[in-house]
Amino acid sequence: MAAGTVKTRRTFLVIFLFFSLLFSSSGQSSFTRQLIVQLNPGWSAPAPPGGDLLHIRAVGDNDTLHFLFCSQGAPTLLLVHTNSSSSSVKVDWTPFLARNTTGSLRVEPESSVLSSTALVFSRVGDVHLKSAQTLNPHTQEVNLSLSLSQLLEYDDINDTASMTSDLFPPYELQNLSWSRMNSSDPFAPLCGSVVNSSGSICLQLSAFESEGRGQSWPRLLHTANSSQLGVWLDGVSPRAARSRFMLELQAVGGAYPLSRVDVHRSIDDEFTPSIFKASHWVSSANGSSEVVGFVRWRSVAFRRSKPALEDATPCRNSAPRPQSSEAAASGLIRAFYSNVETFGLNVSFGLAGEPFYNSTRFLSWTLLMGVGSPPVDSFSALVVAVMAVGLGAPVLVLLVGGVWICARKRAMEPTAAYEPIN
Amino acid sequence: MADFEERRSLLGDEDERFVGDREPQRGAGGTGGTGAMPAICDPRHLLHRVVVLVFMCFLGFGSYFCYDNPAALQTQVLQDLNLNTENFMRLYAWYSWPNVVLCFFGGFLLDRVFGIRFGTIIFSVFVCAGQIVFATGALLNHFWLMEAGRFIFGIGGESLAVAQNTYAVNWFKGKELNLVFGLQLSMARLGSTVNMNIMGWVYNKVAGLVGSPGYTALGGSLMIAAVTCLFSLICALVLAYLDKRAERILQKEQGGTGEVIKLTDVKDFPLTLWLIFIICVCYYVAIFPFIGLGQVFFIEKFNFSPAEARAVNSIVYIISAPASPILGFLVDKTGRNVVWVIIAVTATLAAHMMLAFTFWNPWIAMSLLGVSYSLLACALWPMVAFVVPEHQLGTAYGFMQSIQNLGLALIAMAAGAILDTRGYLVLEVFFCACICMALMAVVMLYFVDYLRGGDLNQSAAARARLQKEATSDAE
């Protein structure tokens with residue numbers, strides 16, 4: 001009977017190990033890229049007037065991701081995906097600085113471009129996220145470009161957080177003077193000081209070699225196919241005591257526009273306590289629901305630079321709307337794209353009942369932009385381990401004890417019955 | 001509460017004075033002195049005792065109403081006083097700290113030092129004063145004053161429950177006692193439920209009066225809640241008067257709790273009793289702190305409105321009020337307490353896992369939680385009486401309450417800290433882990449008890465038969 005007990009134990013151990021392996025392997029398949037950074041490629045020092053161009057090549061085994069971060073005009077992040085590991089970016093600086101010629105920035109060889117997306121930060125104040133997709137008839141391009149175009153501010157007198165309240169004149173981000181980028185520290189924040197205020201709005205780009213997770217909240221999960229962009233407002237004087245901010249983003253892309261925002265509910269809030277929703281602004285391939293490029297964020301902004309749980313403030317976004325070619329506010333867009341289909345989106349920070357911007361005068365928000373499908377969070381090892389041990393131990397004790405009791409009963413049975421006298 | 005009923009029936013034969021005092025025919029005064037009194041004023045008549053019962057039930061109402069005030073106003077407390085969750089949970093921890101020690105001395109204080117009447121008044125005053133200090137702390141935006149208020153409130157709260165039970169035992173006997181305990185428990189749950197569902201509305205009204213939400217509005221709402229404590233204090237005074245009057249008319253002595261606490265008995269506790277203690281602690285720390293933090297959890301994860309979130313948070317208490325007597329009856333009839341405890345713990349584990357790992361409607365999980373919580377209370381507390389001799393029962397129950405409060409105090413703060421750093425999923429997993437420990441303990445209890453003859457898990461019929469044999473042997 002002892003052998004039977006041991007066999008039961010062994011079987012259970014195998015099952016337990018199987019499940020733990022299953023859980024641990026449910027994460028993303030990890031692959032790595034090599035990052036090569038170039039500041040102002042093709043331009044000899046000193047820095048070009050009007051803004052810098054940061055080029056990060058993330059080289060994989062047989063493809064390359066080009067991240068182009070430019071402060072000419074409204075800050076823009078352009079992501080180009082090519083199917084060759086030796087593609088490069090060529091800039092004709094004179095037409096590029098003039099901001100009036102398509103093709104002054106090219107990725108060569110042109111035929112290797114799979115997709116490109118651009119995000120433009122155009123305005124602060126009125127959160128208006130525009131996703132722009134350009135239609136390039138030559139290739140199946142998924143261009144993803146995100147631009148922050150406007151920062152808008154509105155006075156929320158009645159604390160209703162409705163975006164139709166009184167809007168102050170927006171801060172056009174193309175008109176801010178941005179700090180210079182440094183080749184020795186390419187991932188330093190790009191800050192622009194706001195007129196008539198001591199504060200600034202900053203953007204920080206991070207590109208990644210492999211899978212990982214951000215260090216500070218919202219601790220977004222990233223892969224080598226994505227880049228993280230943090231946006232924060234630090235010390236900008238609000239124009240009313242009860243004002244809230246909105247950010248306008250424009251996305252310009254290729255054949256597949258960033259046309260819809262999916263809200264994902266997840267049971268896992270380990271890395272963003274009490275936030276169970278993530279929003280994915282996605283572009284899908286024609287006819288299929290497969291996601292080709294994405295912008296991902298958690299519906300939370302933080303009111304302090306080292307936030308605690310109570311510093312979290314929810315954020316809302318409006319539905320993406322097609323826009324006119326206002327995304328031309330960005331030098332990078334004008335240089336790379338020929339005809340521009342822009343989608344715009346507003347992200348507003350703070351709901352009714354939440355503290356106003358004036359309470360801390362700080363707002364930070366992080367997004368992830370990349371190609372392919374957005375990364376999906378899975379449970380951390382701690383949760384899996386605790387549940388496995390917690391559920392396994394009583395079951396184990398029950399099984400072992402039950403088997404032992406049965407064994408004892410069977411061993412005692414012959415003596416329990418009366419034996420006949422003769 | 002089944003535990004007191006079990007306790008009393010085991011103590012009853014021994015303590016002649018205890019039982020005899022409630023039978024005026026056997027008492028010294030007999031029927032002399034009553035004269036022609038209207039039924040409602042005659043302490044022996046049912047009608048009068050019903051009036052006393054009403055006051056007895058409302059005696060604990062204020063304490064239970066105000067205990068869960070922080071949970072009912074969680075978002076407002078967090079926002080108006082700028083707290084993180086860990087500090088918020090300290091409001092619960094400070095309630096439990098005095099009871100770690102006081103559970104041992106409550107009975108002693110009521111019997112020897114103050115007497116039941118004066119003792120009840122004193123504890124009611126503590127409850128009232130504690131809530132007022134708590135409200136004042138909110139009005140002045142001093143968190144330390146609020147913590148002090150909860151501490152004072154805690155000194156009175158648990159001991160008041162002991163006093164309430166003592167009154168019940170003094171005025172009612174036999175089968176009535178079960179009903180009375182059931183009613184008292186239901187009133188307690190009613191107080192908690194009313195608190196959960198009403199305080200949000202009270203706060204909004206006060207905020208409207210004051211002009212804007214903030215700590216002044218919070219303080220005002222808590223002061224209004226203190227009115228219930230004042231009401232309970234009045235009940236305590238009335239009860240004291242009626243009890244004294246009954247004593248004078250019926251010429252009986254002041255009743256006592258009948259508990260004897262001897263700390264040295266702890267070394268004699270059997271292994272099964274320690275396992276019962278572990279089950280008690282591990283189980284309740286996954287219930288009360290969870291309810292304390294429940295409102296925001298339902299708002300954030302399930303997108304409930306604040307009013308809805310408070311309602312689903314209170315469903316545990318709402319269900320417990322009718323379910324406790326029914327389940328108590330069920331457990332009494334069938335016996336096999338250990339099996340019922342296993343069922344209750346497993347059901348609670350299922351409820352927590354549903355809340356942690358799915359988006360299923362939380363009404364289901366919370367209803368399951370309410371039923372299993374009631375079931376456990378009906379099955380677990382009487383087990384203590386089965387494993388411990390009568391003269392140690394007081395110590396055993398006192399110890400059980402004491403470590404339960406210790407566990408609650410510590411885990412309340414730990415839960416707040418976990419939530420602040422790791423979020424709701426990890427918090428729920430933590431609660432699941434606590435329930436799993438309780439499950440381990442009850443599985444081990446099953447086997448230990450089985451190997452020692454199976455006293456705890458007998459069916460009710462077998463137990464009754466054994467008891468009859470034991471008494472017939474004694475004769």
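Below, chain A is the first sequence line, B the second, and so on; all start at residue 1.
Looking at B:F430, there are no atoms closer than 4.5 Å to chain A (heavy atoms on both sides), in backbone or side chain. Only the side chain of B:N303 comes within contact range of chain A, with heavy atoms under 4.5 Å apart. For A:E310, the part lying near chain B is the side chain, with the backbone staying farther off; criterion is any non-hydrogen pair under 4.5 Å. Interface remark: B:E428 contributes no atoms to any contact with chain A (heavy atom separation under 4.5 Å). Residue contact with chain B, scored on non-hydrogen atoms closer than 4.5 Å, is absent for A:T272. For chain B, no part of A:S299 is nearby; none of its heavy atoms comes within less than 4.5 Å. Only the backbone of B:L83 comes within contact range of chain A, judged by heavy atoms closer than 4.5 Å. Residue contact with chain A, scored on non-hydrogen atoms closer than 4.5 Å, involves the side chain of B:L451 exclusively. At a 4.5 Å heavy-atom cutoff, the contact between A:R408 and chain B is made by side-chain atoms alone. At a 4.5 Å heavy-atom cutoff, B:M437 makes no contact with chain A through either its backbone or its side chain. Heavy atoms of B:A356 lying under 4.5 Å from chain A belong exclusively to its backbone. Neither the backbone nor the side chain of B:T75 comes within less than 4.5 Å of any heavy atom in chain A.
Applying the 6.0 Å contact sphere to CH2 of B:W363 captures more than 12 heavy atoms from other residues, nucleotides or ligands. For A:R265, the CZ atom counts as densely surrounded, since its 6.0 Å shell holds more than 12 non-hydrogen atoms of other residues, nucleotides or ligands. The 12-atom threshold is not exceeded at CH2 of B:W201, counting heavy atoms of other residues, nucleotides or ligands nearer than 6.0 Å.
Remark: the backbone N or O of B:Y424 is paired with a side-chain donor or acceptor of A:D269 at under 3.5 angstrom.
Expressed to the nearest 0.5 Å, how far OH of B:Y450 lies from CH2 of A:W404 amounts to 11.5 Å. We find the CG-CD distance between A:L309 and B:E86 to be 12.0 Å, quoted to the nearest 0.5 Å.
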As a quick check of understanding, evaluate side-chain contact (heavy atoms from CB on, under 4.5 Å) for B:L349 and A:L391, giving each step before the final call. CA-CA 10 Å; B:L349 182 63; A:L391 290 176; 3.7 Å; yes
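Between B:F447 and A:L398, the shortest heavy-atom distance links the atoms CZ-O, 3.8 Å. Minimum interatomic distance between B:R422 and A:P273 (heavy atoms only, all atoms of both residues): C-CG, 4.0 Å. Heavy-atom minimum distance, A:W217 versus B:D420: CH2-O, 3.6 Å. Between B:Q79 and A:P355, the closest heavy-atom pair is NE2-CD, 4.3 Å.
Heavy-atom pairs under 4.5 Å with chain A peak, among B:L427, B:T358, B:T421, B:L425, at B:L425.
In this structure the side chain of A:M387 never reaches within 4.5 angstrom of the side chain of B:C436, judged on heavy atoms.
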